Amino acid sequence: MLDTGKYEAVIGLEIHAQLATATKLFCGDATSFGADPNTHVSPITLGHPGTLPKTNAKAIEYAIKMGLACGSNIAEDNYFARKNYFYPDLPKGYQISQHTTPICIGGQVKIKSESGPKNIQLNRIHLEEDAGKSIHDISPTHTLIDLNRAGTPLIEIVTEPCIHSAEDAYIYVTEVRKLVRWLGICDGNMEEGSLRCDANISIRLKGEVQLGTKVEVKNLNSIRNIKKAIEYEIERLIHLKETGGAIIQQTRSFDADNDTTFSIRDKEDANDYRYFPDPDLAPFHLTKEYISAIKAALPSLPNALKENWKIIYGLPEYDIDQLCEHKEEADFYIALTQHTTHYKAAANWIIGPIRAYLNETGKSYQRIYASIPNIITLMEMVEMGQLNFSVASGKVFTAIMLQPQSPIEYATQHNLIQTQSTNEIEKWIEEILTEHPDKVLEYKKGKKGLIGLFMGEIKKKSKGKADPKTTTQLLEKKLS
Ligand code: ADP
Ligand code: MG
């Protein structure tokens, strides 16, 4: 048995997020995913001699947004540098990146770890262009190259080595994905490669200060794989250490078929990328006014909303977490609560039927804003006991979404309005009890659980129109 308890894992993550700009970082080629290979490739993307790059201002704005959301310092004086290396999918022979002046310095991302809240410290966020894609699995003999992605703007979000478990890494990446989506700067789609992660991992004895030798697992393309890769590496490194093996600095890759990692290369020394400022791109200065304007236009962030909502709406934490997962949903909740004070009911409606409806139809919240007045009326009909929730959220909701119409009219026409009239309910109770004399006997002998059966039968008989509260009262009285 290995003594794993005496070690501490140290993890630092580098997340590449593809910025959701319409065009590339230094030219007008489209960035859209899924186009035919090598169709978004102007001479600038292809790195032809004599072409001149021009910086996309939107990409800079997006990077600043992320920095401000994380509380980073924004560098006012910036330049782009050439990072020189040869790679088939890098047509220029260098990648344009930032070197000594990352646009965002420091900052943090707050996560809800299993052991409580934690701040994951950021080292920096910098801007760089993406490379193209080498495709190894189409031809058995050739590597194919698609340069559509080359030159797409990325931000690289780099943490300090301050994460200590695969679980926290998982939660952190989830939080970053939520944040970039919230800000609208990246679609966060890991399957399409919009978000990719490199995990740096080392181990050390608990209490030790110095960092151990790290390995880097490259290009993890799902949050699950990030967790699996880190779990596997921690165990592998501890095993090596405990059995007297040497830990060498390595770059590794994840094998998703069996949740293991394998070495792609040993990293003896730091590569010499011969960085120098790109002479084709002028350094850029960001004024304080420009940065302040972006800050002022930033949406309320999920953590701030959560604090507010506890006070304004008094919702349970679970509901708040759910509703603050996606900005579109949080905005829709706010829109609903402009028209009703049934805050909890509004939350239930979103988390339940509204979400299910949007999932089924593939519609976005944007498309259902016009239905808010009808949704509010429907919700209040339930609150006032005129409709039972399952009828309202099923039949009536579907109908008013399919064709905008008053839920009151629809429910009346289809005879769905719930009755609190004692006479009518008593009639249904009478009928049900007459149909089940044996059950009534059992109930009277003490099998009180049968009340559920009677309620169910009455609900069926009345087609959901018997108000449950009145029904329970009357039924209990009748049976006693
Ligand atoms: P590199 O030059 O190899 O890319 P950096 O110093 O830029 O290394 O760090 C890259 C990432 O690796 C950062 O997220 C950093 O926190 C993390 N890191 C650095 N050293 C270690 C270590 N010994 N163990 C775990 N993570 C580390
Ligand atoms: Mg690295």
Side-chain angles (χ1 to χ4, degrees), residues 14-19 21 23-56 59-60 63 78-103 124-139 141-158 186 192-198 216-221 250-253 264-281:
E14 299 163 274
I15 297 180
H16 290 93
Q18 209 174 80
L19 296 177
T21 54
T23 56
K24 293 187 180 176
L25 186 50
F26 299 111
C27 70
D29 287 341
T31 53
S32 48
F33 181 81
D36 282 344
N38 300 307
T39 49
H40 298 315
V41 289
S42 65
I44 294 186
T45 290
L46 296 176
H48 285 189
T51 52
L52 268 186
K54 194 163 163 254
T55 307
N56 182 340
I60 293 180
N78 288 269
Y79 71 92
F80 283 108
R82 290 186 182 179
K83 180 180 181 181
N84 297 279
Y85 61 100
F86 175 78
Y87 217 72
D89 55 24
L90 188 77
K92 295 195 294 291
Y94 59 84
Q95 178 194 24
I96 305 178
S97 182
Q98 291 193 295
H99 185 215
T100 55
T101 60
I103 189 161
R124 65 177 186 274
I125 301 171
H126 67 255
L127 269 165
E128 63 185 31
E129 58 174 352
D130 207 346
K133 226 189 237 128
S134 300
I135 301 155
H136 306 287
D137 55 4
I138 292 184
S139 158
T141 50
H142 291 74
T143 291
L144 306 181
I145 294 183
D146 177 7
L147 292 172
N148 281 351
R149 205 180 63 185
T152 297
L154 302 176
I155 47 172
E156 182 172 340
I157 307 155
V158 184
C186 167
E192 294 178 2
S194 305
L195 211 66
R196 312 191 286 273
C197 179
D198 301 339
E216 179 171 7
V217 187
K218 283 272 189 203
N219 269 324
L220 295 161
N221 62 0
Q250 264 179 346
T251 304
R252 300 177 71 88
S253 191
I264 11 184
R265 59 180 175 268
D266 289 354
K267 212 178 192 179
E268 283 97 18
D269 302 295
N271 280 320
D272 182 5
Y273 290 117
R274 294 177 291 116
Y275 281 102
F276 63 88
D278 192 311
D280 287 341
L281 289 160

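Just so it is clear, the structure is predicted and the values come from calculations on it, not from any experiment.
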Which heavy atom of [X] sits nearest a heavy atom of [Y], and at what distance?
X	Y	answer
N148	P37	ND2-CA, 3.8 Å
Q18	G193	NE2-O, 4.1 Å
S32	H40	OG-NE2, 3.5 Å
N78	T101	OD1-O, 3.4 Å
A63	I103	CB-CG2, 3.9 Å

Taking the side chain from [X] and the backbone from [Y], do they hold a donor-acceptor pair closer than 3.5 Å?
X	Y	answer
Q98	L127	yes
N56	K24	yes
Q95	L90	no
N38	I145	yes

Side-chain heavy atoms of [X] within contact of [Y], under 4.5 Å:
X	Y	result
E216	E14	yes
T143	I135	no
C186	L195	yes
F80	I96	yes
L281	F26	yes
V158	I125	no

Side chains of S253 and N219: do they bring a donor and an acceptor to under 3.5 Å?
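No - no donor-acceptor pair under 3.5 Å links their side chains.
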So, H126 and E128: side-chain donor and acceptor under 3.5 Å apart, yes or no?
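Yes.
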Mark yes or no: K83 above the aromatic ring of Y94, with NZ or CZ under 6.0 Å from the six-membered ring centre and no more than 45 degrees from the axis.
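No - K83 does not lie over the ring of Y94 by the 6.0 Å and 45° rule.
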Taking everything shown except Y85 itself, do over 12 heavy atoms lie less than 6.0 Å from its OH?
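Above 12, so yes.
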Tell me every residue that passes side chain to side chain contact (heavy atoms under 4.5 Å, CB included) with T100, counting only those two or more places apart in sequence or in another chain.
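Expected list: Y79.
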Walk me through whether K54 and I44 qualify under side chain to side chain contact (heavy atoms under 4.5 Å, CB included).
CA-CA 10 Å; K54 194 163 163 254; I44 294 186; over 6 Å; no
Salt bridge present between [X] and [Y] (N-O < 4.0 angstrom):
X	Y	result
D278	R82	yes
R196	D130	yes
K92	E129	yes

Atom pair [atom1]/[atom2] of [X] and [Y] - distance to nearest 0.5 Å:
X	Y	atom1	atom2	value
S134	D89	OG	CG	3.5 Å
S42	L147	OG	CG	11.0 Å
S97	Y273	OG	OH	10.5 Å

Determine, stepwise, if the pair D146 / K133 fulfils salt bridge (charged side-chain N to carboxylate O under 4.0 Å, His left out).
CA-CA 5 Å; D146 177 7; K133 226 189 237 128; 5.7 Å; no
Can you list the steps and then say if V217 with D198 is a side chain to side chain contact (heavy atoms under 4.5 Å, CB included)?
CA-CA 6 Å; V217 187; D198 301 339; over 6 Å; no
Residues which pass side-chain hydrogen bond (donor to acceptor under 3.5 Å, both in side chains) with T31, listed by chain and number, not counting sequence neighbours:
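Once residues adjacent in sequence are excluded, T31 has no partner under the side-chain hydrogen bond (donor to acceptor under 3.5 Å, both in side chains) criterion.
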For D29, the option from T23, T39, T152, T45 that meets side-chain hydrogen bond (donor to acceptor under 3.5 Å, both in side chains):
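Filter result, single survivor: T45.
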